[in-house]
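Below: one structure, written as structure tokens.
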Amino acid sequence: MIAPSILSADFARLADELAAIHGADWVHVDVMDAHFVPNLTLGLPIVESLLKVTDIPMDCHLMIEDPDRWAIAYAEAGAHNVTVHIEAAKDPIKLARDLRAAGSKAGLSIKPGTPIEPYLDVLKEYDTLLVMSVEPGFGGQSFIAHVLDKVRTVRNLVDTGHLNLLVEIDGGINSDTIEQAAEAGVDCFVAGSAVYGAADPARAIEALRTQAVSANHRFA
Ligand code: DX5
Ligand code: ZN
């Protein structure tokens with residue numbers, strides 16, 4: 001699956017920018033609060049407006065403090081998947097259950113420097129794991145390859161029936177990096193600058209998908 005990130009889109013033309021990524025599996029929306037991360041982007045009112053103008057399932061990545069308080073509203077608004085950060089969530093198990101009860105999938109994200117091992121039990125409550133392959137906050141950064149160890153750990157637990165979730169990767173995914181991520185076992189690739197920086201975003205999506213499929217026979 002390919003999930004273009006509108007962080008790299010033109011924010012004055014978001015409806016057009018959503019139309020430009022037809023063929024995308026999910027659209028990734030980065031919510032930043034200038035506290036959990038240094039950057040500030042958009043919040044619930046804009047998400048609600050975007051939901052009205054697209055049929056592409058929305059993947060909301062909340063880089064915010066106190067997701068226990070704020071995340072549920074994104075599920076209630078109609079986001080397909082709502083992802084919170086393990087570094088910010090106070091009660092991640094309750095939060096996952098509340099998100100699912102509110103009608104969305106529950107996603108958990110982890111920064112590059114945070115180990116996954118303490119959270120493997122928590123992941124039983126989640127539908128997606130978003131492995132950050134850059135420090136959250138900005139698009140267009142370089143891919144941090146060592147996070148693929150976390151992907152491999154979780155891929156193995158999924159393939160052996162110990163976990164049941166999709167593995168997403170976010171940050172620095174482009175034609176140079178997607179194959180190693182696919183080989184490590186990623187299911188869903190977030191790509192911001194690689195899609196919206198391309199002359200034809202829809203073609204860029206298909207090119208990334210073709211590369212991922214050729215790099216991992218699981219997708220064939
Ligand atoms: C970074 C965001 C990413 C960002 C990725 O904090 O979570 O979703 O849009 O952008 P690229 O693909 O350009 O690294
Ligand atoms: Zn993101």
Side-chain angles (χ1 to χ4, degrees), residues 1-11 14 17-18 20-21 24-43 46-47 50 56-65 67 70-71 74 79-89 104-114 126-148 150-151 166-182 186-199 201-202 204-205 207-209 211-212:
M1 296 168 63
I2 307 292
S5 166
I6 58 164
L7 185 60
S8 296
D10 179 350
F11 274 36
L14 284 176
E17 295 283 63
L18 289 174
I21 56 163
D25 297 281
W26 288 354
V27 57
H28 185 85
V29 176
D30 289 304
V31 174
M32 303 188 191
D33 67 350
H35 289 272
F36 180 72
V37 288
N39 200 3
L40 178 68
T41 56
L42 54 85
I46 292 178
V47 164
L50 294 177
I56 304 172
M58 193 174 291
D59 184 32
C60 285
H61 177 194
L62 305 186
M63 284 159 276
I64 62 172
E65 286 184 354
W70 301 110
Y74 292 83
H80 179 73
N81 185 42
V82 178
T83 291
V84 299
H85 265 270
I86 189 62
E87 300 87 358
S104 75
K105 293 185 182 300
L108 194 67
S109 185
I110 185 160
K111 298 206 286 186
T114 305
Y126 280 84
D127 301 293
T128 63
L129 170 68
L130 181 70
V131 176
M132 289 303 303
S133 40
V134 297
E135 285 301 326
F138 300 93
Q141 302 181 78
S142 297
F143 184 72
I144 300 172
H146 72 72
V147 306
L148 293 178
K150 285 186 262 193
V151 171
L166 281 179
V167 181
E168 280 186 273
I169 198 155
D170 184 8
I173 290 294
N174 55 39
S175 58
D176 294 330
T177 56
I178 194 167
E179 291 178 5
Q180 52 184 300
V186 169
D187 299 297
C188 180
F189 305 84
V190 176
S193 45
V195 170
Y196 280 107
I205 292 166
L208 288 170
R209 198 195 310 280
Q211 272 192 289

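Just follow the structure's listing: the first ligand is 1, and inside any ligand the first atom is 1.
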**Message:** Whether the side chain of Q211 engages the backbone of I178 through a donor-acceptor N/O pair (distance < 3.5 Å, no angle test) should be reported.
**Reply:** no
Which protein N or O atoms sit under 3.5 Å from any N or O of ligand 1? Give atom names and distances.
from	atom 1	to	atom 2	distance (Å)
ligand 1	6 (O)	G137	N	2.7
ligand 1	7 (O)	D30	OD1	3.0
ligand 1	7 (O)	H61	ND1	3.3
ligand 1	7 (O)	D170	OD2	2.8
ligand 1	8 (O)	H28	NE2	3.3
ligand 1	8 (O)	D30	OD1	3.1
ligand 1	8 (O)	D30	OD2	2.8
ligand 1	8 (O)	D170	OD1	2.7
ligand 1	8 (O)	D170	OD2	3.0
ligand 1	9 (O)	S5	OG	2.8
ligand 1	9 (O)	D30	OD2	3.1
ligand 1	12 (O)	G192	N	2.8
ligand 1	13 (O)	G140	N	2.8
ligand 1	13 (O)	S193	N	3.0
ligand 1	13 (O)	S193	OG	2.6
ligand 1	14 (O)	G172	N	2.8

**Request:** Could you pull out all residues at least two apart from H28 that satisfy ring pair (Phe, Tyr, Trp, His ring centres under 6.0 Å)?
**Result:** H61
**Asked** Is the backbone N or O of V190 less than 3.5 Å from a side-chain atom of E168, with the two atoms forming a donor-acceptor pair by type?
**Response** no
**Asked** Is there a donor-acceptor pair closer than 3.5 Å between any side-chain N or O of K150 and the backbone N or O of M132?
**Response** no
**Asked** With distance as the sole test, does S133 use its side chain to make a donor-acceptor pair with the main-chain N or O of D170 at under 3.5 Å?
**Response** yes
**Heteroatoms of the protein, restricted to N/O/S, which lie under 2.8 Å from the Zn ion (ligand 2)** = H28 NE2, D30 OD1, H61 ND1, D170 OD2
**Message:** Test your reading of the model: is there a side-chain donor-acceptor pair from S109 to the backbone of L130, 3.5 Å cut-off?
**Reply:** yes
**Message:** Keeping D33 on the side-chain end and E65 on the backbone end, is there a donor-acceptor pair under 3.5 Å?
**Reply:** yes
**Request:** Report yes or no: does Y196 contribute a side-chain atom to a donor-acceptor pair with the main-chain N or O of E17 at less than 3.5 Å?
**Result:** yes
**Message:** Could you work out, with ring pair (Phe, Tyr, Trp, His ring centres under 6.0 Å) as the rule, every residue matching F36, not counting sequence neighbours?
**Reply:** H85
